[in-house]
Amino acid sequence: MTIGKQTTDNPILAGLNEVQRDIVTDCAGPLLVLAGAGSGKTRAVTHKIAYLLQHHHYMPYQVLAVTFTNKAAAEMRERVKTLAGPPAAGLELGTFHSVCARLLRRHAELLGHTSSFVIYDTDDAGVLMRQIVRDQDLDPKKFNPKRLASTFDTLRSHNVTLESWVNEAGWDQSFRNQAKELFETYEKRKLQLDAMDFTDLLHKMHRLLADNREVREHYQQRFEYVIVDEMQDTNHVQLELLKLLVGDHNRICAVGDDDQSIYGWRGARVENMLGFETAFIGARVVRMEQNYRSTQTILAAAHSVISNNAKRHRKQLWTENPAGELVSVVLADSEGDEAVKVARRISQLVDKEGVRARDLAVFFRTNAQSRSFEEELARKRIPYIVVGGMRFYERAEVKDALAYLRVIQNTRDEVSLLRIINRPPRGIGDKAIQRLRERAYEQALSLYDAALLLRAVEPQERWHKAVTDFVDKVEDWRTLRPTIAVSELLTRVLEESAYITRLESQEAVEAESRLDNLQQLYAGIVEQEERSESLTLQDYLEQVALITDIDSWSQDREHVPLMTVHAAKGLEFDVVFVTGTEEGLFPHRNHSTDEEVAEERRLFYVALTRARKKVVISHARSRVRFGQWEYMQPSRFLAEMDPALMESDVPRPRGSFREAMAGAHQPTVHRRRPSRESVGVRQVSGARRSGERVRHAKHGDGKVLAAVGEDLVVKFDDGRMVTVNAGAVETLS
């Protein structure tokens, strides 16, 4: 009755279902919301924030709301603005990393940083590690800088200490001891350069709160209510951060779906949801099980798979949507044949059934699988975009421009300084940089400060003057920084550094493309300035540093998106193609323990539940891996799916997927492609030999390469290699 009255009196509660209203109005203690896929999670969260502001009269700064992507945070902020009006502008709302970055800048001096510390992305971390490996005269092949930086990040994300990592049995002890020293040097260098990487933002925020009682109590009193979106994606450090921020008041609402916990490889712990009631005593659990996205068939198929996971909160999604079409299963001879069949279906959906390209999506387990789909879609002239390919902000000219801005903001950012000090070329070569490094080391100065001191000395050599001219420009830009807009500063930098002039002198097509990218960078800054009249250079650089692959994906483009299932999290499409569903690929061969397979199963569940109307699942009989043909078994996830919910393009007896899986966990059969010398010698099925010419009704004429069980691997005259049944071909005389 109370809820009904509130619905009448409070427009924030209007239009919510009963469970959503319960979630919005329960603000007394810890609350865990198990939000199934497509159940209106964002709606419940944003209405709850508005309810806290209007009904409980919280000031905006008293509510902390964190999520995992900038796109999700922006959407939440806009929805709250619509519901609650201007007060929403003052919310502490954003990704974990962006919120931590803002709070850390207020207390940076307590951690040995300045408030202008720079944020290093993955590439920057790799560059810094490469400098450290080079400085210690180590072999970069053995001590691969990029791999070292990734390993160190993984250790911290999983809360593994360097000492325990070094002492693990079965590893090269000398290598690990040396790597430990490199990691420790990496930490010291970041402090000297006034830089933090992504993982630092979480770890240093945790350290700040854990070690400083005054700061901890300040934020516990300030944040009267904490809301966490995508709780299943939190790692150990994030959970500990939440506990420190909540303190004794225990007013926290965590929203997520343990069935969609797919980031264990980067430290996410599904246990954070499963053990929420232990971490926050007295927590109440509410289930959101009504799905507004998918058909009942899709939900039933997804449930039949995910229910095979033992460690999960029980839930059963349901919908008032129609039952919909059966899940289509496509069997292909090879990965090339799989791409042909998927592209053919896409073409039919777009050309004959009127489905928009942007409402379709092709998912795969690994990025490497995209090649065959890209080639086939291009051949059929179907526009596509690879989501998670090279990001706009990773393009060389864009990184150059941002490096200039980062040095203007923080001259201690040595990674950015070294990127631009001779770009475009201005006579500051490697020898000059080394001599400048020596001066900096002798005088215990940063590289930039050592360059500054040269201004007071009469130039003796050409590089000396080149360095002072460069520093003079940077100092001029630093003086201008507080007085002009960021977009105008970028224009001045690109012109006065001669960067634009240098580009225009290059080959026309390449220069035009790069200039277009810089124009897009400028346009993006202008857009942000229009949204925020007080945008500072520091604000802008922080926003750019925290952009993720998925933030750059827009469903306004009429292209078929190709992406990994990980990249698809949070998106939805009318039709979804889930490709490569074979043992060793999905689930992946590198994920063989029960816990790892359970996460792969959750990943498959995420793939299915992205679809609104139709799911097409494809798998191939064979693939080439490391120069070998590999005979593939269908994924165990196909065997787990209720066969009554599936239809196949190849007639099969009911339950045949389960029968096919009887030997799926046996080692896969490998056949090396024969050398030219062996062609014509090896016997294959029937009386045929390798090298023999054959004809297939569908694929045409080709040459037998090898036998795989009862099948033949044939290279057809159009260049494709396909596995076909031996009985399906005839020998050419």
Under 3.5 Å: donor-acceptor pair, side chain of [X], backbone of [Y]:
X	Y	value
Ser294	Ala611	yes
Lys204	Met196	no
Thr25	Arg21	yes
Asn410	Ser116	yes

salt_bridge([X], [Y]) N-O dist < 4.0 Å:
X	Y	value
Arg156	Asp200	yes
Arg314	Asp259	no
Glu572	Arg293	yes
Glu184	Lys188	no
Lys315	Asp257	yes
Arg79	Glu75	yes
Arg284	Asp22	yes
Asp123	Lys146	no
Arg312	Glu599	no

Nearest heavy-atom pair of [X] and [Y]: which atoms, and what distance?
X	Y	value
His47	Leu16	ND1-CD2, 3.9 Å
Arg406	Ser416	NE-OG, 3.4 Å
His236	Arg269	N-CD, 3.7 Å
Cys27	Arg251	O-CD, 3.9 Å

With distance as the sole criterion, is a donor-acceptor pair present between the side chains of [X] and [Y] under 3.5 Å?
X	Y	answer
His313	Asp258	no
Ser39	Asn291	no
Ser157	Thr154	no
Asp413	Tyr120	yes
Asp153	Ser150	no

Check side-chain hydrogen bond (donor to acceptor under 3.5 Å, both in side chains) between Arg213 and all other residues, then give those that pass, not counting sequence neighbours.
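Partners of Arg213 under the side-chain hydrogen bond (donor to acceptor under 3.5 Å, both in side chains) test: Glu217.
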Kindly write out the residues that satisfy side-chain hydrogen bond (donor to acceptor under 3.5 Å, both in side chains) with Tyr61, not counting sequence neighbours, or none if the list is empty.
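Per chain and number, Tyr61 pairs via side-chain hydrogen bond (donor to acceptor under 3.5 Å, both in side chains) with no residue.
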Step-by-step side chain to side chain contact (heavy atoms under 4.5 Å, CB included) determination, Val286 to Leu34
CA-CA 6 Å; Val286 177; Leu34 303 176; over 6 Å; no
Student check: side-chain heavy atoms of [X] and [Y] closer than 4.5 Å:
X	Y	result
Gln409	Tyr540	no
Leu83	Ile49	no
Ser261	Met273	no
His249	Gln221	no
Phe223	Gln62	no
Thr114	Arg412	yes
Leu244	Arg216	yes
Phe604	Val565	no

Show your working on side chain to side chain contact (heavy atoms under 4.5 Å, CB included) between Val415 and Arg419 and close with a plain yes or no.
CA-CA 6 Å; Val415 169; Arg419 183 179 182 92; 6.0 Å; no
Aromatic rings Phe276 and Phe280: how do their planes relate, parallel, tilted or perpendicular, breaks at 30° and 60°?
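Ring orientation, 0 to 90° scale: tilted.
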According to the interplanar angle, ranging from 0 to 90°, do the rings of Phe573 and Phe363 count as parallel (below 30°), tilted (30 to 60°) or perpendicular (above 60°)?
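Ring orientation of Phe573 relative to Phe363: perpendicular.
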Let me see the working for Lys399 and Asp121 under salt bridge (charged side-chain N to carboxylate O under 4.0 Å, His left out), right down to the final yes or no.
CA-CA 11 Å; Lys399 286 187 75 73; Asp121 63 17; 3.3 Å; yes
Quick one: does NZ or CZ of Arg602 land under 6.0 Å from the six-membered ring centre of Tyr605, within 45 degrees of the ring axis?
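Verdict for Tyr605: no cation-pi partner in Arg602.
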Is the Trp265-His566 ring centre distance short of 6.0 angstrom?
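Close enough - the centres of the two rings lie under 6.0 Å apart.
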Determine whether the aromatic ring centres of Phe183 and Trp165 lie less than 6.0 Å apart.
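Between Trp165 and Phe183, which both carry aromatic rings, the centre distance is below 6.0 Å.
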Quick one: CD1 on Ile298 to CZ on Arg610, what's the gap to the nearest 0.5 Å?
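It comes to 11.0 Å.
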Test of understanding: with side chain to side chain contact (heavy atoms under 4.5 Å, CB included), list the residues that count as partners of Thr67, not counting sequence neighbours.
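Per chain and number, Thr67 pairs via side chain to side chain contact (heavy atoms under 4.5 Å, CB included) with Ala72, Ala73, Met76, Asp229, Glu230.
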Is it the case that more than 12 heavy atoms not belonging to Glu595 sit under 6.0 Å from its CD atom?
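At most 12 heavy atoms, drawn from other residues, nucleotides or ligands, come within 6.0 Å of this atom.
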